[in-house]
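A quick write-up on the structure given underneath.
A, B, ... follow the sequence lines: proteins, then strands. Residue 1 opens every chain. When reading the values below, keep in mind they use all heavy atoms of this one structure, side chains included, and skip hydrogens, waters and symmetry mates.
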2 protein chains.
Amino acid sequence: MATNKPRRKEFLDVLVALRQIIRATDLHSKHVMKVCGLTVPQLVVLLAIEELGAVTVREISRHVSLSQATVTTILNRLEERGFIIRTRNANDKRVVNSRLTDKGREVLINTPPLLDDHFMQSYEMLGQHERGKILSSLQKVACLMASDDVDPRPPTMGRIITADDEPSEQLYEYGHQSNEDA
Amino acid sequence: MATNKPRRKEFLDVLVALRQIIRATDLHSKHVMKVCGLTVPQLVVLLAIEELGAVTVREISRHVSLSQATVTTILNRLEERGFIIRTRNANDKRVVNSRLTDKGREVLINTPPLLDDHFMQSYEMLGQHERGKILSSLQKVACLMASDDVDPRPPTMGRIITADDEPSEQLYEYGHQSNEDA
DNA sequence: ATCAAATGTTTTGAACTGTAACTATCACTT
DNA sequence: AAGTGATAGTTACAGTTCAAAACATTTGAT
């Protein structure tokens, strides 16, 4: 337990790296916006709806790691532009289910990559070991940061539509499950 | 062999981790705001000014990895609240130099940590090897992402304000200095 | 000296983001 | 049935963020 104390500088390095990553991510989102008319957050939400079918706001917000309010504003834009429709659930009128329209489904066909092109290329060339190191580090950081804030998670009782809501592990998977409700 | 091609899922994992990190960072910033009245970006800018002395907007923006426009809006808020003052440079009236006020210097004394408490604690307990892995991974990611957006700026060659940019004590005179640059 | 290009900052417009306050609805108790 | 508390979603507000356009000023060329 000797050299265990990171100096101030080490934290600063972490901070700087994080800020650069955040900035690059944001820049990429703006770039995607110019190319395809949708930002990365919008696409992420759209993909979540594609994957989950008729889905509640809360489920989306958990799935994409955004607050409910944020998801609402994103859904507003998506609905305005005709990529999704929202319908109140008949069983529980508090609930709003969002689904893709044809237009929304179509726009997803040509989805540009959600990560920076250059990053993806370089990342692919890295060799499995290195990639694993990076991914696990990112997840570790995410995890360490999240745990402070963990627990927006009341005992779920999947009543309305939900199947199960696993927070981690494979978030996006291309399976399909039609989960229609009357 | 040659499982070298990361599957779509691997990129998604990266994306998800990144989004969680970004979110956590933002949450922490909001938290800091509630505690000390300044957001993390505001503090970062303030710290940059503390470090660099009377400094231009462009220099700040490079130092903190934010666009000039963003720095300007942050400076607006900081000036409004009396933490800094901006003065136009006499030599070149396009240039604006920002410096701390006493109030600004004072508020920095009790700066809360710019990284999440819980994260810092856990990070400290990690052992040097693990920490190194994480830091280098973050830097790698930052680097891979940044290169797309290559810095349109060669290393600062101090034109207006003196040259050597030692990150330590400020010995900046914004007087003149014109020759140089043989 | 004057006009044009370059440079430094600010403004504008649009999006993301979260908390807190608010509405509507449901579930459960009395 | 009425009331209370929990839950789902939206709105209001404040802050960050960037690109692009608008300004202001300086520098270089004619």
Look at [X] and [N] and indicate whether a side-chain polar atom (N or O) is within less than 4.0 Å of OP1 or OP2.
X: B:Ser67; N: D:dT17; value: no
X: A:Gln42; N: C:dC16; value: yes
X: B:Arg58; N: C:dT9; value: no
X: A:Arg19; N: D:dT17; value: yes
X: A:Thr39; N: C:dC16; value: yes
X: A:Thr72; N: D:dT10; value: yes
X: B:Lys34; N: C:dA20; value: yes
X: B:Arg23; N: C:dG18; value: yes

Task: Distance, nearest 0.5 Å, that separates CG of A:Leu144 from CG of B:Asp116 - done: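 One finds 9.0 Å between CG of A:Leu144 and CG of B:Asp116.
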Open item on the list: Using 0.5 Å steps for rounding, measure from the NZ atom of A:Lys34 to the SG atom of A:Cys36.
Closed with: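 The SG atom of A:Cys36 is 12.5 Å from NZ of A:Lys34, to the nearest 0.5 Å.
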Over how many whole Å does the gap from [X] atom [atom1] to [N] atom [atom2] extend?
X: B:Arg62; N: C:dG8; atom1: CZ; atom2: C1'; result: 11 Å
X: A:His31; N: D:dA20; atom1: NE2; atom2: C1'; result: 17 Å
X: A:Ile22; N: C:dT17; atom1: CD1; atom2: P; result: 11 Å
X: B:Lys30; N: D:dT16; atom1: NZ; atom2: P; result: 9 Å
X: A:Arg81; N: C:dA14; atom1: CZ; atom2: C1'; result: 12 Å
X: B:Ile60; N: D:dT16; atom1: CD1; atom2: P; result: 14 Å

Open item on the list: By nearest heavy atom, map A:Leu75 and B:Ile74 onto DNA chain D; which one lands nearer the 5' end?
Closed with: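 Final value for this comparison: A:Leu75.
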TODO: Take B:Val40 and A:Val71, find for each the nucleotide of DNA chain D with the closest heavy atom, and name the residue whose nucleotide sits nearer the 5' end.
DONE: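 That would be A:Val71.
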TODO: Would you indicate what B:Ser29 reaches in the nucleic acid, counting non-hydrogen atoms under 4.0 angstrom: base, sugar-phosphate, or nothing?
DONE: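 Since no nucleic acid heavy atom lies under 4.0 Å of B:Ser29, the category is nothing.
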Open item on the list: Does B:Lys93 reach a base, just sugar-phosphate, or nothing at all? Heavy atoms under 4.0 Å.
Closed with: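 Here B:Lys93 touches the backbone only, sparing every base.
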Go through [options] for me and flag the one nearest to the [X] side chain.
X: A:Gln68; options: D:dA8, C:dC16, C:dT10; answer: D:dA8
X: A:Val57; options: D:dA8, D:dT10, C:dA15; answer: D:dT10
X: B:Arg77; options: C:dG18, D:dG15, D:dC18; answer: D:dG15

Open item on the list: Are A:Lys133 and B:Ser136 packed together at the side-chain level, in the sense that at least one heavy-atom pair is separated by less than 4.5 angstrom?
Closed with: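 Result yes, sub-4.5 Å side-chain heavy-atom pair found.
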TODO: Check B:Leu115 against A:Phe11 and note the closest heavy-atom contact, atom names and distance.
DONE: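 Of all heavy-atom pairs spanning B:Leu115 and A:Phe11, the closest is CD1-O, 3.7 Å.
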Task: Residue mapping more 5' on DNA chain C - nearest nucleotide basis, A:Asp26 or A:Ala69 - done: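 Upstream on the strand: A:Asp26.
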TODO: Report the residues that fulfil salt bridge (Lys or Arg N to Asp or Glu O under 4.0 Å) with A:Arg105, sequence neighbours left out, ordered by chain and then residue number.
DONE: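 Result, salt bridge (Lys or Arg N to Asp or Glu O under 4.0 Å) vs A:Arg105: A:Asp102.
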Task: Within 6.0 Å of CD in A:Glu106, more than 12 heavy atoms from elsewhere - done: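 Not buried by this count: 12 neighbours or fewer within 6.0 Å.
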Task: Check: B:Arg94 side chain, C:dT9 base, donor-acceptor under 3.5 Å - done: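 Result: no qualifying N/O pair found.
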